[in-house]
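Each residue takes its place number in the sequence, starting with 1. Hydrogens, waters and symmetry mates play no part in the numbers below; they use all other heavy atoms, side chains included.
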Amino acid sequence: MNEKYPIQGGRTPFEDIYDRFFGKITDDMYMEWTEEDTKKDLKNILIDAIPGFEFPRFPLYDFDIDAETFNCHLTSEEINIFALLMYNTWLQRQVASVEQTRMKYSGSDFKMTSQANHLAKLMELKKEAERQSHHMQRLYKRRKIIDKDGSIKSNWSTLRETSTFDG
């Protein structure tokens, strides 16, 4: 646990992040898969998403892959950031799938189908999801927990004091 940001100890199951992720997507594919296949896929998406969390207040790679838990308590905000990063990873997979379809058809054949429109919409969604993820992480980084009861305040004064822009 980081002394600068005292947070209650404990573990956070990957399942908590998966649940938040499922609140952001609609994909019938997961309804057709077995529970085991779904969990395997979700774990892969989460593992791919972890490096996208730029400045966490916890050891980023302190997790138990077999127990599917982080070895620390993640806040709701941290869980949401991971869910957004998973969403970005999932969207990238959707874009790649449509890109493969496009390569199978000539330019005019692809444009005649709804696939071109679908790809454009997916790319817009991905861009917006990346923007939202960066925004959430910037907000997260600007806050610091200052006492044991979890009170939060801005760390702007610290950033201002250490700024390289001071004359």
Side-chain angles (χ1 to χ4, degrees), residues 1-2 4-105 110 113-145 150 152:
M1 177 169 23
N2 187 333
K4 189 172 182 181
Y5 303 105
I7 297 175
Q8 297 288 335
R11 295 164 143 310
T12 302
F14 288 0
E15 190 78 29
D16 290 356
I17 300 166
Y18 301 160
D19 290 345
R20 193 76 59 93
F21 166 71
F22 275 132
K24 298 181 183 314
I25 69 162
T26 303
D27 193 336
D28 293 339
M29 172 186 71
Y30 290 115
M31 303 277 287
E32 298 169 8
W33 287 8
T34 65
E35 185 176 344
E36 181 181 319
D37 288 341
T38 298
K39 284 190 173 190
K40 185 188 290 185
D41 190 53
L42 292 172
K43 188 189 310 185
N44 286 333
I45 292 173
L46 177 58
I47 298 303
D48 285 349
I50 287 173
F53 201 138
E54 295 182 31
F55 301 107
R57 296 182 191 126
F58 58 92
L60 191 58
Y61 293 99
D62 186 13
F63 57 83
D64 183 334
I65 194 75
D66 296 323
E68 296 189 23
T69 61
F70 278 93
N71 296 324
C72 56
H73 170 77
L74 299 181
T75 66
S76 181
E77 185 176 27
E78 291 162 341
I79 290 169
N80 195 48
I81 289 170
F82 274 128
L84 281 168
L85 292 168
M86 285 181 70
Y87 178 68
N88 290 344
T89 302
W90 177 83
L91 275 173
Q92 181 57 46
R93 182 190 291 172
Q94 305 307 307
V95 169
S97 175
V98 175
E99 286 282 351
Q100 288 176 355
T101 302
R102 182 176 65 157
M103 288 189 285
K104 292 180 182 179
Y105 298 99
F110 183 75
T113 70
S114 65
Q115 291 295 319
N117 188 37
H118 182 64
L119 178 60
K121 296 289 185 200
L122 283 172
M123 294 184 81
E124 281 179 42
L125 278 173
K126 184 164 181 349
K127 186 176 180 179
E128 175 58 22
E130 287 171 351
R131 187 201 63 74
Q132 187 177 14
S133 172
H134 287 119
H135 175 71
M136 292 298 295
Q137 290 189 60
R138 279 192 309 271
L139 288 176
Y140 170 79
K141 187 61 183 164
R142 288 184 197 146
R143 299 181 184 115
K144 69 178 180 179
I145 298 171
I152 298 173

Notebook entry, point to check: With no hydrogens and no angle check, is any side-chain donor or acceptor of Arg20 less than 3.5 Å from a backbone partner on Ser76?
Noted result: yes
Notebook entry, point to check: Are any of the side-chain heavy atoms of Thr89 and Asn44 separated by less than 4.5 Å?
Noted result: no
Check: Does the side chain of Asp64 come within less than 4.5 Å of Arg11's, by heavy atoms?
Finding: yes
Notebook entry, point to check: Between Pro51 and Tyr61, which heavy-atom pair has the shortest distance, and what is it?
Noted result: CG-OH, 3.5 Å
Check: For the atom pair CG (Asn88) and CD (Gln132), what is the distance rounded to the nearest 0.5 Å?
Finding: 8.5 Å
Note to self: Whether the side chain of Thr12 engages the backbone of Leu74 through a donor-acceptor N/O pair (distance < 3.5 Å, no angle test) should be reported.
What the structure shows: yes
Check: So how far is it from Glu68 CD to Asp66 CG, rounded to the nearest 0.5 Å?
Finding: 8.5 Å
Notebook entry, point to check: Between CG of Leu91 and CD of Glu124, what distance do you get to the nearest 0.5 Å?
Noted result: 12.0 Å
Margin query: Do Phe63 and Ile50 have side chains that approach each other closer than 4.5 Å (heavy atoms only, starting at C-beta)?
Written below: yes
Next item on the list: State, yes or no, whether a side-chain contact exists between Pro13 and Asp16 at a heavy-atom distance under 4.5 Å.
Entry: yes
Margin query: If you compare all heavy atoms of Met86 against all heavy atoms of Ile45, which two are closest, and at what distance to 0.1 Å?
Written below: O-CG2, 3.6 Å
Next item on the list: First locate atom CD of Glu35, then atom CG of Leu42, and finally report the distance between them rounded to the nearest 0.5 Å.
Entry: 10.5 Å
Item checked: Point-to-point distance, once rounded to the nearest 0.5 Å, from NE2 of His134 to CD of Glu54 -> 5.0 Å
Check: In Å, rounded to the nearest 0.5 Å, how long is the span from OH of Tyr30 to OH of Tyr18?
Finding: 10.0 Å
Notebook entry, point to check: Is a side-chain donor or acceptor of His135 paired with a backbone partner of Arg131 at a separation under 3.5 angstrom?
Noted result: no
Check: Hey, does Gln137 have a side-chain heavy atom less than 4.5 Å from the side chain of Phe55?
Finding: no
Check: Does atom NZ of Lys43 have more than 12 heavy-atom neighbours from other groups under 6.0 Å away?
Finding: yes
Checklist line | Side chains of Lys24 and Asn80 in contact at under 4.5 Å (non-hydrogen atoms) | finding: yes
Checklist line | pair Gln92-Lys126: side-chain heavy atoms closer than 4.5 Å | finding: yes
Margin query: Please determine whether the number of non-hydrogen atoms from other residues, nucleotides or ligands lying under 6.0 Å from atom CE of Met29 exceeds 12.
Written below: yes
Next item on the list: Answer with yes or no after comparing the ring centroid distance for Phe14 and Phe82 against a 6.0 Å cut-off, counting only values under it.
Entry: no
Next item on the list: Report yes if some heavy atom in the side chain of Arg93 is under 4.5 Å from a heavy atom in the side chain of Asp41; otherwise report no.
Entry: yes
Notebook entry, point to check: Can you name the nearest heavy-atom pair linking Leu84 to Ser133, along with the distance?
Noted result: CD1-CA, 4.2 Å
Margin query: On a heavy-atom basis, which atom in Ala83 and which in Ile17 lie closest, and how many Å separate them?
Written below: N-CG2, 4.1 Å
